[in-house]
Amino acid sequence: RSHQRSVAMLDVPFPPFCAFLGSLGLLCVALVGAWCQHWRGGFSLDGGSRTFNWHPVLMVTGLVVLYGAAALVYRIPNTWSGPKLPWKLLHGGLALGAFVLTVLGLAAVFCFHNSNGTPNMYSLHSWMGLGTVLLFSCQWAAGFGAFLLPWAPTWLRQLYKPIHVFFGSTILMLSVASCVSGINEKLFFSLKNGTTQYKLLPTEAVFANTLGILILLFGVLVVGALARPSWKRPDSDSLDSRQVPGTR
């Protein structure tokens, strides 16, 4: 009984946690934008280094923050009763928005490489990033077919659901790893001047490393929220996951 009371005291309500996580996500987006604007020269579509700067901003915004928001939709208590279709559309819409931003982020880096004669897909960061995007695209397509198409059978949804949940967390952590490795790679490539070498830890390196830590923290908190039993949507055999608004 004492143990149960201690656990109850540590059980943080989801809304304030969600507000904190949302603020952390916005902070990550703001910091990556500030990094690219202040130290990397800003943004452009001319194919130069300023075109590349869209890559980290779009990847952090889409592949980490927006994707994390999509993953947590079903942890909102309001989704636990009533029709599921609006929430499924929100979940799928947020994931689709994340995917669109991710594709634009890939287009920015490929455009920069091709314009400057830089080889594509030679680093571990690029392999990990493209693999994550491909896995993300398969995840979204499979989720759309299993959970949103009206003719998807119940047995298929029940079979695929734990797989969908597992790969949801996996993709998020791969996204975080890709972003952190990309930040580190960019610093190694950019900070070569004798007075601003990466090993001397100039202000830009401290700023970008802090950004990487915050992105990692965001990912860990999202995965932790997904794994927390008290925040999981209760399963109900009486509710059809394809129910439409107005049905119970």
Side-chain angles (χ1 to χ4, degrees), residues 20-70 97-116 118-130 132-133 136 171-223:
F20 170 77
L21 194 61
S23 300
L24 179 59
L26 292 175
L27 179 61
C28 290
V29 174
L31 290 183
V32 70
W35 175 37
C36 293
Q37 180 65 43
H38 182 72
W39 280 284
R40 297 290 102 216
F43 303 91
S44 176
L45 298 176
D46 58 4
S49 60
R50 293 187 299 168
T51 298
F52 173 86
N53 289 340
W54 288 108
H55 175 68
V57 173
L58 291 172
M59 287 306 194
V60 171
T61 304
L63 205 54
V64 176
V65 177
L66 200 56
Y67 184 87
F99 182 73
V100 170
L101 293 180
T102 300
V103 171
L104 292 175
L106 285 179
V109 71
F110 279 114
C111 178
F112 167 72
H113 283 176
N114 295 336
S115 298
N116 292 271
T118 304
N120 293 306
M121 304 304 300
Y122 65 89
S123 67
L124 176 60
H125 163 68
S126 61
W127 291 7
M128 186 186 306
L130 186 59
T132 302
V133 175
F136 182 11
I171 291 169
L172 178 62
M173 294 314 298
L174 287 173
S175 301
V176 170
S178 298
C179 289
V180 171
S181 64
I183 291 171
N184 193 244
E185 182 179 286
K186 183 62 175 177
L187 290 174
F188 273 116
F189 285 161
S190 301
L191 300 182
K192 298 180 179 180
N193 185 281
T195 59
T196 59
Q197 294 183 62
Y198 190 14
K199 66 181 180 181
L200 299 178
L201 205 63
T203 304
E204 179 181 357
V206 174
F207 187 93
N209 286 347
T210 302
L211 168 63
I213 293 296
L214 292 177
I215 292 173
L216 178 61
L217 177 61
F218 180 88
V220 169
L221 290 177
V222 172
V223 172

- request: Kindly state each residue pair satisfying salt bridge (charged side-chain N to carboxylate O under 4.0 Å, His left out) with at least one member in residues 54-69, sequence neighbours excluded.
  value: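 Sorted result for residues 54-69: empty, none.
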message: Working note: Val57 + Cys36, criterion side-chain contact (heavy atoms from CB on, under 4.5 Å); need CA distance, chi angles, decisive distance, verdict.
response: CA-CA 8 Å; Val57 173; Cys36 293; 4.2 Å; yes
Under the rule for ring pair (Phe, Tyr, Trp, His ring centres under 6.0 Å), what residues qualify as partners of [X], not counting sequence neighbours?
| X | value |
| --- | --- |
| Phe207 | Trp39 |
| His125 | none |
| Phe218 | none |
| Phe136 | Tyr67, Phe99 |

Taking every non-hydrogen atom, the tightest pair across Thr102 and Ala98: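 Nearest pair, atom of Thr102 first, then Ala98: OG1-O, 2.7 Å.
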field: Pairs involving residues 199-217, ordered by first then second residue, that meet side chain to side chain donor-acceptor pair (under 3.5 Å) (sequence neighbours left out)
entry: Trp35-Glu204, Arg40-Glu204, Tyr198-Asn209
message: Suppose the criterion is side chain to side chain donor-acceptor pair (under 3.5 Å): which pairs have a residue in residues 47-56, not counting sequence neighbours?
response: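 Matches after skipping sequence neighbours: Asp46-Thr51.
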task: Please name all residues satisfying side-chain hydrogen bond (donor to acceptor under 3.5 Å, both in side chains) with Asn114, sequence neighbours left out, ordered by chain then number.
output: Asn120
task: Please identify each residue that fulfils side-chain hydrogen bond (donor to acceptor under 3.5 Å, both in side chains) with Glu185, with sequence neighbours left out.
output: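 So Glu185 forms a side-chain hydrogen bond (donor to acceptor under 3.5 Å, both in side chains) with Ser123.
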Tell me every residue that passes side chain to side chain contact (heavy atoms under 4.5 Å, CB included) with [X], counting only those two or more places apart in sequence or in another chain.
| X | answer |
| --- | --- |
| Leu217 | Leu24, Leu221 |
| Ser175 | Leu63, Val64, Thr132, Ile171 |
| Leu130 | Leu106, Met121, Leu134 |

- prompt: Between Ser190 and Leu187, is there a donor-acceptor pair closer than 3.5 Å when you use the side chain of the first and the backbone of the second?
  reply: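 Side chain of Ser190 to backbone of Leu187, a donor-acceptor pair under 3.5 Å: no, none is there.
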